[in-house]
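Here the structure is a predicted model, which means the values were calculated and not measured. Quick note: numbers below take in every heavy atom, side chains included, and nothing from hydrogens, waters or symmetry partners.
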Amino acid sequence: MKRLTLRGLSRAVAVLTVLVVVGCAGFIAWPLPGTLLSREALSSLVLTDRTGHALREVLSREDGRSVGLPGGRIPPKVRQAFIAAEDQRFTSHPGVDVVAVARAARDNVSAGRIVSGASTIPQQLARRLVPRERSWWGKAGEALWALRLTAHLSKEQVMLEYLDRVPLGNSTFGVEAAARRYFGRPAERLSAGQAALLAGMARSPARRDPYRRPEMAMAGMRDVLSRMVEEGFLTKEEAKAAEETPLDLVPPERVFEVPHLTTALLQRLPELGLDGASRIETTIDPALQAAVERAITEELRGLAHRRVGEAAAIVLDNATGEVLAYVGSSDFLDEEKGGQNDGVRSLRQPGSALKPFAYGLALSKGFTPSSVLADVEVHLATPGGAYVPKNYDRRVHGPVRLRAALASSYNIPAVRVADALGPEQVLRVLREAGFQSLTESASHYGVGIVLGNGDVTLRELARAYRGLARGGVVGPLLEVRAAFGPDGRALRIPQEMQEHRFLAARPVELLTDVLADEAARAPAFGLDNALRLPFRVAAKTGTSRAHVDNWAAGFTRERTVAVWVGNFDGTPMRGVSGITGAGPVFARVMALAMRGLRAAPLVDRSHFESAEICPLSGERAGPNCPGAMKEVYLPGTAPRHACTMHRSDGALDVGPAYLAWAQAEGLTSTSVSAEEGPGMQPGFILPANGDEFLVEPELPESAQAVPVRVMAPKGAKLLELRTDDGRRIELRPPFVTRLPAVEGERRLELWAPGGSEPLAVTRYRVR
């Protein structure tokens, strides 16, 4: 019985041994899992500019940096250094080095614990691909996987997979990432000493960290160089020279440039279908980006006394839609000013920067550059109540031609245009131009949409202005030129919108001619203003209510630039408008964007017909007009009738609509009297009853006076103002003056000399 038991046990052991051997052989022969060598979890993401320079690197899913060797090519010095350091018999063993295992087993048995590893490069790769606990069974499983890897992969593939995954300290994986991290160069340009230092780190990256423990790192390098000599990879002289050659270790800094754009792209990776990318090449022009960043910093320094704290800018290539420069704030790291806010993508009110789109629609609907718009006080009924628009200069300008109204950014004519077209149509064009942020209904915005009472982004504004530069065709902006997966395969980049037309080409060309007209801009901003550049540029500024936001946007044939200045916390600026705040920044950025380019003509005026017109009436200049000017028109739309405002007797027939304006301006020779104009009674044009004026304590009092304009009785030569503090002020033609802006509720009376009661009374508030 005893003999049978021993015989049975022997057979069982034999059978078990055969089963284990067969099982191991089957495991080794079984094809590798398809996802085993996946690099998605391995690869970090590098974002570069258009030249390939790294802007930002994002850690891999293993919380580390990893970049594969370009093209799967292993630099000879790197191969030699790692073979000498980690696996001298790499080319001859099947994945496990029996000689090294025997030696390690002897050492471990003598010590009673694992003190020597004898892990080959395939075993180390297996440990990275299929992590196991550090034990006898773990080592056995690791060895089986090493044999399996070597059975199915070439030695070259095994070495490449290992070199792309080996941990090399500071959350860095792979020799390519480590070469860039420690030496600022690709692995193929490493010296023998640099390759040896990295190979020396493989067994103990933390203990041989060249930043924290340089002595240990150098000792490891010397050890590897010595082994390279033993293996015949280097001569003693070459090893000595490598040891003495400076390593050129780069400072331990993390790359982080163009922070707002790279942050925006990282947040949108799933939306773009690029969350598996390992390299994304952006459209950023590094030289232009750096120049724009410097310009913004310097311009803000000059605006600091006006409480301008921040700025943002974007530069587009009109031909391609590529974003060449993108600055979201002056300093991403300035927490006090909210520098991490992205001024390019933030929603804010654009003020008059939206006017060109309403005027472009008007020009396509029969308006012309000489169409006269009434710049006189108007009360418009809106869903929110009566709306009384005001011009920025608090003045009215009477009959104003469309060209002058747009170029000088008068609000009242713009509102009249929006009212004539209908807020629904203006909003439709804005949305078609790419202002996707305008999500409310037309009744919500009303005619105020033309003055920018809806929130948009600077990026949307730039995209829409590029649409104007392209003759009314809006298209997607490109922030990514190319993207590649961990295997080097190019990834598809989706477009944010389909290219489409939102305005007809010829009206847009006429609109461009108006936006580039420096003479038409001069009455409001002077000839020497911020938008005057050495080349012709079509541009428009915008200022939101209470001086919270300033905008400037414009284009040449080649480039579009959009700029915002203000404060992220909504603090109002002091006495800054679009032309004085954002305007200078825009001018400087546009000049930088056009550097090295020859500006092509913005408009081909041969597409238009021209006519001599009266500057006041906008009609063809007649024999009684004191002056004439040339205007251009779409073919067939030039005015046909001669001016009817200027009469042969020298009188100016402005009609009832402009009587108040004409009298306020001292044009007493008008042929329409107060009695002939219905409702034209003596009274206050400014301040109108219920007007409010905002006082800013930091501004001098002289800059904040309340404007007074009076409609005088026919034939009046002298009137009197009486204030609520007892002062009496004489008024003579043209019956205008200014009063100090004293805070509080104010009452103002208009008296005729010797009158027994006031002709008119107005109440206004200064706060």
Side-chain angles (χ1 to χ4, degrees), residues 316-321 355-373 400-408 417 429 433 464-475 499-523 527 531-540 553-561 590 593-594 597-615 617-622 625 627-643:
L316 308 179
D317 181 294
N318 289 340
T320 64
K355 286 177 182 174
F357 302 94
Y359 279 100
L361 178 61
L363 290 171
S364 69
K365 297 288 187 181
F367 285 71
T368 73
S370 67
S371 293
V372 170
L373 306 172
V400 179
R401 290 171 291 106
L402 182 148
R403 178 181 291 270
L406 174 57
S408 291
V417 167
V429 166
Y465 271 71
R466 174 182 174 249
L468 295 178
R470 300 175 70 229
V473 176
V474 67
E499 185 173 281
H500 61 273
R501 178 170 294 284
F502 62 96
L503 282 174
R506 286 293 178 259
V508 171
E509 189 171 23
L510 193 56
L511 174 70
T512 300
D513 187 74
V514 173
L515 291 173
D517 191 339
E518 293 177 352
R521 199 182 292 138
L527 275 174
L531 303 183
R532 189 181 181 94
L533 288 160
F535 44 86
R536 204 163 182 226
V537 58
K540 186 74 187 69
F555 54 90
T556 61
R557 181 70 66 190
E558 297 77 19
R559 298 286 184 262
T560 293
V561 170
M590 179 59 87
M594 289 296 293
L597 299 176
R598 184 174 181 178
L602 260 177
V603 175
D604 183 355
R605 281 201 157 196
S606 68
H607 295 158
F608 308 139
E609 63 176 329
S610 63
E612 293 283 331
I613 64 165
C614 170
S617 69
E619 298 171 326
R620 284 191 179 270
C625 295
M629 63 179 297
K630 182 174 286 188
E631 183 56 274
V632 294
Y633 302 86
L634 297 179
T637 65
R640 300 177 180 178
H641 304 291
C643 173

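Among all heavy-atom pairs drawn from P615 and A628, the shortest one is CD-CA, 4.2 Å. The minimum heavy-atom distance linking A611 with R620 is given by the pair CB-NH1, 3.6 Å. Residues P356 and L468 come closest through the heavy atom pair CB-CD1, 4.3 Å. Of all non-hydrogen atoms in A593 and V561, the two that sit nearest each other are CB-CG2, 4.2 Å. Between P639 and I613, the closest heavy-atom pair is CG-CG2, 4.0 Å. Here the closest non-hydrogen pair linking V372 and S617 is CG2-O, 2.8 Å.
Taking R557 as the reference, nothing meets the side chain to side chain donor-acceptor pair (under 3.5 Å) condition, with sequence neighbours excluded. Looking at residues two or more places apart in sequence or on another chain, you find a side chain to side chain contact (heavy atoms under 4.5 Å, CB included) between A433 and F357, F435, A464, F502. Considering only residues two or more places apart in sequence or on other chains, E619 meets the salt bridge (charged side-chain N to carboxylate O under 4.0 Å, His left out) condition with none of them. E631 pairs by the side chain to side chain donor-acceptor pair (under 3.5 Å) definition with R403, not counting sequence neighbours. Taking S370 as the reference, T368, Y633 meet the side chain to side chain donor-acceptor pair (under 3.5 Å) condition, with sequence neighbours excluded. A search for side chain to side chain contact (heavy atoms under 4.5 Å, CB included) contacts involving A642 returns nothing, not counting sequence neighbours. With sequence neighbours excluded, the residues forming a salt bridge (charged side-chain N to carboxylate O under 4.0 Å, His left out) with R506 are E509, listed by chain and number. Considering only residues two or more places apart in sequence or on other chains, C625 meets the side chain to side chain contact (heavy atoms under 4.5 Å, CB included) condition with C614, C643, H646. With sequence neighbours excluded, the residues satisfying side chain to side chain donor-acceptor pair (under 3.5 Å) with T320 are D317. By the side chain to side chain contact (heavy atoms under 4.5 Å, CB included) test, N318 pairs with R466, A469, F555, T560, sequence neighbours left out.
Residues L406 and K540 are in side-chain contact: their nearest non-hydrogen atoms beyond the backbone lie under 4.5 Å apart. The shortest distance between side-chain heavy atoms of V474 and H500 falls below 4.5 Å. Between L533 and M594 the shortest side-chain heavy-atom distance does not fall below 4.5 Å. Side-chain contact check for L597 versus F535: every heavy-atom pair is 4.5 Å or farther apart. Inter-residue side-chain proximity for V473 and V508 is flagged as unmet; no heavy-atom pair is nearer than 4.5 Å.
In this structure, the separation between CG on L363 and CG on L503 is 9.0 Å, given to the nearest 0.5 Å. Going from atom CG of L511 over to atom OH of Y359 covers 10.5 Å, rounded to the nearest 0.5 Å. For the atom pair OG1 (T512) and CG (D517), the distance works out to 12.0 Å, reported to the nearest 0.5 Å. The line from CG of L602 to CG of L515 is 9.5 Å long, rounded to the nearest 0.5 Å.
The salt bridge (charged side-chain N to carboxylate O under 4.0 Å, His left out) pairs that include a residue from residues 600-615 are D513-R605, where partners are two or more places apart or lie in different chains.
When atom types are taken as modelled, the side chain of T556 and the backbone of A600 share no donor-acceptor pair closer than 3.5 angstrom.
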